[in-house]
Amino acid sequence: MNLLSRFTNGTRFRDYADFYHNFRLNVPENFNFAYDVVDEYARLEPEKRAIVWCDDLGAEHTFTFGEIKRISDKCANFFRSLGIGKGDAVLVILQRRHEYWTTLMALSKLGAVAIPATHMLMEKDIVYRLQKSGAKAVVAVNEDELCDNIRKAAARVPELKHLICVGKREGFTDLTEETEKSSDLLDVPYKEERSAEDLLLLYFTSGTTGMPKMVTLSQRYTLGHIVTARFWHNCMDDGLHFTLAETGWAKASWGKLFGQWLCGSAIFVYDFHGKFEPGDLLEHIEKYKITTFCAPPTVYRFMIKTDLSKYDLSSVKYMMTAGEALNPEIYRQIRLKTGHPIYEGFGQTETTVVCATFPEFMEIRPGSMGRPSPLYYVQLLDNEGNPVEQGETGEICIRLREPQQGLFAGYYNDPALTATVKHDGYYHLGDLAYCDSDGYFWFVGRKDDIIKSSGYRIGPFEVESALMEHPAVLECAITAVPDELRGQVVKATVVLAKGYTASDALVKELQNHVKKTTAPYKYPRIVEFVKEMPKTISGKIRRVEIRENDRKKQ
């Protein structure tokens with residue numbers, strides 16, 4: 001059993017056109033995910049699987065919806081005893097601990113606002129988030145460095161009232177103990193006063209070009225992930241979906257909670273620490289019989305370097321990717337080695353899936369973002385705000401309309417910043433793409449990353465895709481370097497695969513490879529070999545840092 005029929009006008013469509021033009025969400029005015037989804041499953045089918053959780057120490061547990069309801073009610077009563085209620089913000093740093101799900105549902109039941117964050121934050125990062133959000137409490141995993149950073153940050157933010165962690169630690173309240181002691185009978189006035197417009201989540205964006213922004217997401221937003229999970233991930237009732245993401249990132253909302261549960265699919269969580277090992281990942285897919293799997297392109301890059309024939313992946317029905325554009329060569333090798341195509345999706349922290357290759361309706365075109373979700377009217381605009389011609393590059397924009405499903409309300413307490421991206425009737429995503437004659441969108445790059453050389457406009461992704469086809473390249477980033485003659489020239493920063501050594505001969509080989517693979521004028525005139533890429537704490541390559549370092553060298 002799933003709850004899709006309550007919130008949609010159906011899930012079966014003849015083709016993409018039927019899906020795009022006729023799919024509708026039905027959002028009750030008083031919708032609240034915890035009450036109307038989790039508690040409903042607990043009422044109708046309490047033994048239905050919700051989470052299959054395990055860690056790298058051998059612990060494992062399967063949580064039913066009945067258990068999630070009971071624990072979240074107890075947790076809500078504990079938070080309520082601390083004075084946490086509607087509109088209060090709580091910083092949640094729980095990695096892949098199962099307490100993340102019950103904590104979020106508990107806060108939802110109180111009308112409080114969760115701020116998911118990664119455990120990799122340092123003291124200054126935590127201070128920034130606490131001060132900007134006005135958080136009343138922090139709920140964290142029990143780790144020495146993180147808890148020390150939280151303690152130091154709390155000393156600088158007197159408005160913070162409560163430090164809570166999983167287990168016992170000096171200076172912190174024990175979440176596990178206090179939840180267990182609390183009543184499992186939850187009776188709060190907010191349950192009757194709730195609204196679909198109530199704020200549920202605040203996400204701080206990665207900050208690849210500046211300080212993180214606070215993205216506000218309402219209860220209504222969660223239903224937008226029906227498109228993400230049902231039509232892109234192809235999650236199935238009583239299936240087991242695995243998105244490889246830490247809960248501090250918005251990708252966890254895409255793949256570890258809302259849409260999957262609405263589809264009736266359980267969520268698989270592997271709580272691992274330390275360095276990512278593709279072999280461990282593949283063993284868990286085999287052992288737990290994962291049915292749908294989503295990971296960023298980086299993970300697939302590591303997977304193709306592994307002997308995939310050692311693992312039984314027959315339970316997997318669909319593979320997806322998002323987070324950054326997928327190089328066609330990675331797609332080709334995964335399909336060759338596993339028999340599975342990879343269905344690409346595109347979106348932002350501020351959205352649900354904007355474009356995707358929807359398995360039921362579309363053939364895959366490797367390297368394409370797919371076609372727009374029915375929740376959005378997507379238009380490519382030029383710098384003057386005019387629609388571009390077919391095949392021309394433009395900024396990806398979403399027409400604003402009411403009610404807007406699956407889109408952030410704005411940046412928290414910052415209407416001026418919101419107005420920089422929501423104006424003239426559109427939300428401007430800052431990403432560039434072009435659209436072909438069949439309506440497929442093709443990612444070009446971030447607006448700020450476009451290279452202008454000798455009158456040519458060069459998108460980084462196209463050159464990166466060409467380089468990724470060469471076996472010597474494990475990772476690469478294309479950026480611009482100022483040049484007196486050409487204005488800018490293309491630079492490739494490359495991490496080499498095992499067995500390859502940097503040399504002038506390899507530089508020439510890579511340059512010639514790009515010339516043969518794409519338009520010759522796009523080849524990198526500068527190639528720098530590095531041991532690792534500068535990345536955000538979410539794992540995205542910081543091209544801005546590469547450019548800054550190049551400027552310092554000049």
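This structure is a prediction, so every number in the text was calculated from the model and none was measured.
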Between the side chains of [X] and [Y], is a donor N or O closer than 3.5 angstrom to an acceptor N or O?
{"X": "Ser195", "Y": "Asn30", "result": "no"}
{"X": "Asp55", "Y": "Tyr270", "result": "no"}
{"X": "Thr292", "Y": "His241", "result": "yes"}
{"X": "Gln379", "Y": "Arg399", "result": "no"}
{"X": "Glu246", "Y": "His119", "result": "yes"}
{"X": "Thr352", "Y": "Tyr376", "result": "yes"}
{"X": "Glu286", "Y": "Ser314", "result": "no"}
{"X": "Tyr411", "Y": "Glu350", "result": "yes"}
{"X": "Asp237", "Y": "Ser265", "result": "no"}

For Lys109, all residues meeting salt bridge (Lys or Arg N to Asp or Glu O under 4.0 Å), sequence neighbours excluded |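 Partners of Lys109 under the salt bridge (Lys or Arg N to Asp or Glu O under 4.0 Å) test: Asp39, Asp73.
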Salt-bridge criterion met for [X] and [Y] (N-O under 4.0 Å):
{"X": "Arg371", "Y": "Asp438", "result": "no"}
{"X": "Arg332", "Y": "Glu469", "result": "no"}
{"X": "Arg49", "Y": "Asp238", "result": "no"}
{"X": "Lys69", "Y": "Glu67", "result": "no"}
{"X": "Arg194", "Y": "Asp36", "result": "yes"}

Between Tyr100 and Lys256, is there a cation-pi geometry (under 6.0 Å to ring centre, at most 45° from the normal)?
->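 Negative - Lys256 is either too far from the ring of Tyr100 or too far off its axis.
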Quick one: does NZ or CZ of Arg96 land under 6.0 Å from the six-membered ring centre of Phe272, within 45 degrees of the ring axis?
->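 Yes, Arg96 sits over the ring of Phe272.
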Can you name the ring-ring contact (aromatic ring centres under 6.0 Å, His included) partners of Tyr203, sequence neighbours left out?
->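 Tyr203 satisfies ring-ring contact (aromatic ring centres under 6.0 Å, His included) with no other residue.
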Quick one: does [X]'s side chain get under 4.5 Å of [Y]'s, heavy atoms only?
{"X": "Asn234", "Y": "Lys317", "value": "no"}
{"X": "Ile398", "Y": "Tyr377", "value": "no"}
{"X": "Asp436", "Y": "Arg365", "value": "yes"}
{"X": "Trp232", "Y": "Met320", "value": "yes"}

I'd like to know if the side chain of [X] and the backbone of [Y] have a donor-acceptor N/O pair within less than 3.5 Å.
{"X": "Lys337", "Y": "Ile304", "answer": "yes"}
{"X": "Asp184", "Y": "Arg70", "answer": "no"}
{"X": "Ser108", "Y": "Leu104", "answer": "no"}
{"X": "Thr118", "Y": "Met120", "answer": "yes"}
{"X": "Glu99", "Y": "Val166", "answer": "no"}
{"X": "Thr291", "Y": "Leu240", "answer": "yes"}
{"X": "Ser373", "Y": "Leu375", "answer": "yes"}

Between [atom1] on residue [X] and [atom2] on residue [Y], distance to nearest 0.5 Å:
{"X": "Ile51", "Y": "Phe65", "atom1": "CD1", "atom2": "CZ", "answer": "8.0 Å"}
{"X": "Cys235", "Y": "His225", "atom1": "SG", "atom2": "NE2", "answer": "12.0 Å"}
{"X": "Glu29", "Y": "Glu197", "atom1": "CD", "atom2": "CD", "answer": "9.0 Å"}
{"X": "Gln390", "Y": "Leu380", "atom1": "CD", "atom2": "CG", "answer": "11.0 Å"}
{"X": "Met1", "Y": "Glu45", "atom1": "CE", "atom2": "CD", "answer": "4.5 Å"}
{"X": "His423", "Y": "Tyr426", "atom1": "NE2", "atom2": "OH", "answer": "12.0 Å"}

Applying ring-ring contact (aromatic ring centres under 6.0 Å, His included), run through Tyr288 and Phe242 and close with a yes or a no.
-> CA-CA 10 Å; Tyr288 291 95; Phe242 185 12; 9.3 Å; no
Checking side chain to side chain contact (heavy atoms under 4.5 Å, CB included) for the pair Tyr440/Cys355: CA distance, chi angles, key distance, verdict?
-> CA-CA 9 Å; Tyr440 282 74; Cys355 290; over 6 Å; no
Candidate pair Glu329 and Tyr331, rule side chain to side chain donor-acceptor pair (under 3.5 Å), full reasoning | CA-CA 5 Å; Glu329 180 62 14; Tyr331 171 89; over 6 Å; no
Please lay out, stage by stage, how Leu4 and Ile226 fare under the test side chain to side chain contact (heavy atoms under 4.5 Å, CB included).
-> CA-CA 8 Å; Leu4 293 176; Ile226 289 174; 3.8 Å; yes
Work out which heavy atom in [X] is nearest to a heavy atom in [Y]; give both atom names and the distance.
{"X": "Ala50", "Y": "Trp261", "result": "O-NE1, 2.9 Å"}
{"X": "Leu429", "Y": "Glu395", "result": "N-OE2, 3.7 Å"}
{"X": "Gly347", "Y": "Val354", "result": "CA-CG2, 4.0 Å"}
{"X": "Ser72", "Y": "Ile68", "result": "OG-O, 2.8 Å"}

Once the angle between the rings of Trp53 and His98 is folded into 0 to 90°, is it parallel (under 30°), tilted (30 to 60°) or perpendicular (over 60°)?
->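 Rings of Trp53 and His98: perpendicular, as their planes differ by over 60°.
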Do the ring planes of Tyr190 and Tyr35 sit parallel (below 30°), tilted (30 to 60°) or perpendicular (above 60°)?
->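 Tilted, since the angle between the ring planes falls between 30° and 60°.
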Test Glu363 against Thr357 for side chain to side chain donor-acceptor pair (under 3.5 Å), laying out the working first.
-> CA-CA 7 Å; Glu363 65 175 21; Thr357 302; over 6 Å; no
Could you walk me through whether Phe33 and Phe258 pass the ring-ring contact (aromatic ring centres under 6.0 Å, His included) test, one step at a time?
-> CA-CA 8 Å; Phe33 189 88; Phe258 301 115; 4.9 Å; yes
Of Phe23, Tyr16, Phe358, which is the lone residue that meets ring pair (Phe, Tyr, Trp, His ring centres under 6.0 Å) with Phe231?
->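 Single ring pair (Phe, Tyr, Trp, His ring centres under 6.0 Å) partner of Phe231 among Phe23, Tyr16, Phe358: Phe23.
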Using the side chain to side chain donor-acceptor pair (under 3.5 Å) rule, take Ser218 and Asp198 through it: C-alpha gap first, then chi angles, then the decisive distance, then the call.
-> CA-CA 5 Å; Ser218 68; Asp198 288 341; over 6 Å; no
Trace of the ring-ring contact (aromatic ring centres under 6.0 Å, His included) decision for Phe268 with Phe293 = CA-CA 10 Å; Phe268 177 72; Phe293 174 69; 9.9 Å; no
I would like to know whether Glu360 and Arg230 meet salt bridge (Lys or Arg N to Asp or Glu O under 4.0 Å); could you show each step before the answer?
-> CA-CA 10 Å; Glu360 282 188 51; Arg230 168 63 184 85; 2.5 Å; yes
Stepwise, does the side chain to side chain contact (heavy atoms under 4.5 Å, CB included) test hold for Arg97 with Asp271?
-> CA-CA 6 Å; Arg97 289 287 310 177; Asp271 183 15; 3.7 Å; yes
